[in-house]
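For the single chain, residues carry numbers from 1 onward in sequence order.
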Amino acid sequence: MPRRNRKKGVTPGPGGEKGGPGENWGGEHMRQAPTPLVAVSPDGTLVAVAFGTELRVYDVSLDELAVLDSRCPADALDAAAAGLEKETTATVGTKQWHTDAIRAVRFCSTGQNMCTAGDDKKARVWRVGRATHDGKPRVLTCIKRASLQKKACATTFSADGKICAFADKFGDVHGLGTTETEEEVRGIEGEDRKEVPGTDNSTQQSVTENRENKPTYLFGHCCSIITDAVAPAGVANLMATADRDFKIRIAKLPSNANVALTEAIGVPEVQSFCHGHAAFVACLGVVPEQVSGDCGPLIVSGGGDGTARLWRCEDGTEMGSAVLAAPRETKGINDEEGEEDGEDSGAQGIAEGVAKGIAKGIVKGSAPDAVTTGEAPREAVDAPVVLSVSVGDDGTVFAAVEKRRGEVAELQIATDRVTNKPSLTHKGWLPLPQGLKGCVPSALVYCSASKSTWGVCAVKRRMSKQSDIDINIDGVEAELFTIGGAGVVSPKMKQSLAIQFELETNSAAVITLGDAMRKRSYDEQQKKDRKKQRNDFKKGGAS
């Protein structure tokens, strides 16, 4: 079978000569606009915000930016090649640690590590320094750096924090150990580096020629872009990954991290698959152990079909679902004089919109049926995307939905006392803080220490660009907010984490997650025109 994308005189894509989602599925996702991301440490003392290529971490206890540093040999080599002194690697939120858009940032459950990854195909593991009593901000040190074959799109830690997993746009998941060897801690490089017997998982992974850490292949989705990854609570060795092909995979890793990071053992077994979404799965959220109770590990997902769903990881059973946005077609499904798709108020308005769409023949019966029954149609349901979900210790779920500006959906996970089965119920819509009425949150995360949900939005701003002539340009700025609990965004914190991103005309800035993940559809004429561009047709080798 010939390799895909092998064209004479054409430079291979990001995956070399082997084809993959990035080269064969329209390429829209390769140009997706950067979105602001937020992560909060379990104790609530550190808040990380990433937007574009910038990464900043804030020390909440001191109301100051944390210091980012590196002791990776690869970073030292890069600094030496650039003629920089070692002292310049330590920065207070100003160094560009990634050269392209950051797509994932997350803290581990122990709070000892943080990870970042992005479109530059670099994955980093950061060690979180201990708090000091001298008034100096915390230090986060990059201890691992690895290169991925494809652009990274999701990252997570194992439940015990010993494995950091990175998912890329080829559908592969690779892992890095979070434990350092003694030589890594001391910063010894080159031939003096030795493995230390008895250390945990880092000893089993090699180092590349440019002194980067070599990640271990864990498992993969067959040529399907992975959209999110989490480690379900309650079981140490489960890992959930969602993809563009409507499904969620629950993998069961070896309980020993050292064994899990050994390539010789092969691909871990599949605990279950979660089937039910009628479009790509966009996000995942972990249900706390105290909420799931005797049902075992649970997760919540949001998808491009406009629904949020509750899953049991043990066997992939769907325990509940809620429709947060009505399916849409080329025409609106509301009244002719009504609002845009998904803009109606409440679940009743969504249901009425779907019913009217069916009656008019605008929405095919398979689309709403898939949303209510969980049976995936042959073609994906097109609905506003559920962009992000967070799950609180009391079972409260918040969800950010495309097109729902200035508000988030509030849902509740409750367990029936008679059947002992959990369910997911949509309670309504909660307005965002003042000043964010026209914004849709791009990320939500729950902090158990403060009992708060932290979120971030991209707010449009007029930016001043320094050049020969000072000009104002259109841009967006990351803005933090909190919902409930004791979490507070101080004025200094808000200003320090307000990372700006310049909007370029006709650029990736207009490509949303929904546009990026949905497979393109073409009419007959467009199909014929696209077929004419294929090399085999140009050469007369196919009919």
- Task: Check the side chains of Gln149 and Asp168 for a donor-acceptor pair under 3.5 angstrom, ignoring hydrogens and angles.
- Result: no
Backbone of [Y] reached by a side-chain donor or acceptor of [X] within 3.5 Å:
X	Y	result
Ser452	Gly484	yes
Thr53	Asp100	no
Thr482	Gly487	yes
Ser41	Leu46	yes
Arg249	Gly220	yes
Gln500	Glu477	no
Ser109	Ala159	yes
Gln412	Asp394	yes
Ser272	Cys313	yes

Find out whether [X] and [Y] are in side-chain contact, i.e. whether some heavy atom of one side chain is under 4.5 Å from a heavy atom of the other.
X	Y	value
Trp97	Thr116	no
Leu55	Met114	yes
Lys451	Tyr446	yes

Report, one line per pair, each donor and acceptor closer than 3.5 Å where one atom sits in a side chain of residues 384-392; sequence neighbours left out.
{"residue": "Ser388", "atom": "OG", "partner": "Leu444", "partner atom": "N", "Å": "2.9"}

Side chain to side chain contact (heavy atoms under 4.5 Å, CB included) involving [X] - partner list, sequence neighbours excluded:
X	result
Lys437	Pro431, Gln434
Ala478	Pro36, Val49, Phe51, Val456
Ala101	Pro34, Arg103, Asp119
Val291	Val287, Pro288, Ile413

- Pick one: which of Val281, Leu284, Ile250, Asp315 meets side chain to side chain contact (heavy atoms under 4.5 Å, CB included) with Cys274?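 It is Ile250, the one option of Val281, Leu284, Ile250, Asp315 that forms the side chain to side chain contact (heavy atoms under 4.5 Å, CB included) with Cys274.
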- Describe, in one word, how the ring planes of His221 and Phe219 are oriented to each other, choosing from parallel (under 30°), tilted (30 to 60°) and perpendicular (over 60°). tilted
Taking all atoms of both residues into account, what is the closest heavy-atom pair of [X] and [Y], and its distance?
X	Y	value
Ala104	Leu37	N-CD1, 3.5 Å
Leu298	Arg312	CD2-CA, 3.6 Å
Leu432	Cys439	CD1-O, 3.8 Å
Phe273	Val270	CE1-CG1, 3.7 Å

- Query: Counting only heavy atoms not in Asp416, do more than 12 sit closer than 6.0 Å to its CG atom?
  - Reply: yes
Which donor-acceptor pairs under 3.5 Å do the side chains of residues 489-497 make with protein atoms, sequence neighbours left out?
{"residue": "Ser490", "atom": "OG", "partner": "Asp63", "partner atom": "OD1", "Å": "2.8"}
{"residue": "Ser490", "atom": "OG", "partner": "Met493", "partner atom": "N", "Å": "3.1"}
{"residue": "Lys492", "atom": "NZ", "partner": "Asp63", "partner atom": "O", "Å": "3.4"}
{"residue": "Lys492", "atom": "NZ", "partner": "Glu64", "partner atom": "OE1", "Å": "3.3"}
{"residue": "Lys492", "atom": "NZ", "partner": "Glu64", "partner atom": "OE2", "Å": "2.7"}
{"residue": "Lys494", "atom": "NZ", "partner": "Glu479", "partner atom": "OE2", "Å": "3.4"}
{"residue": "Ser496", "atom": "OG", "partner": "Lys492", "partner atom": "O", "Å": "2.8"}

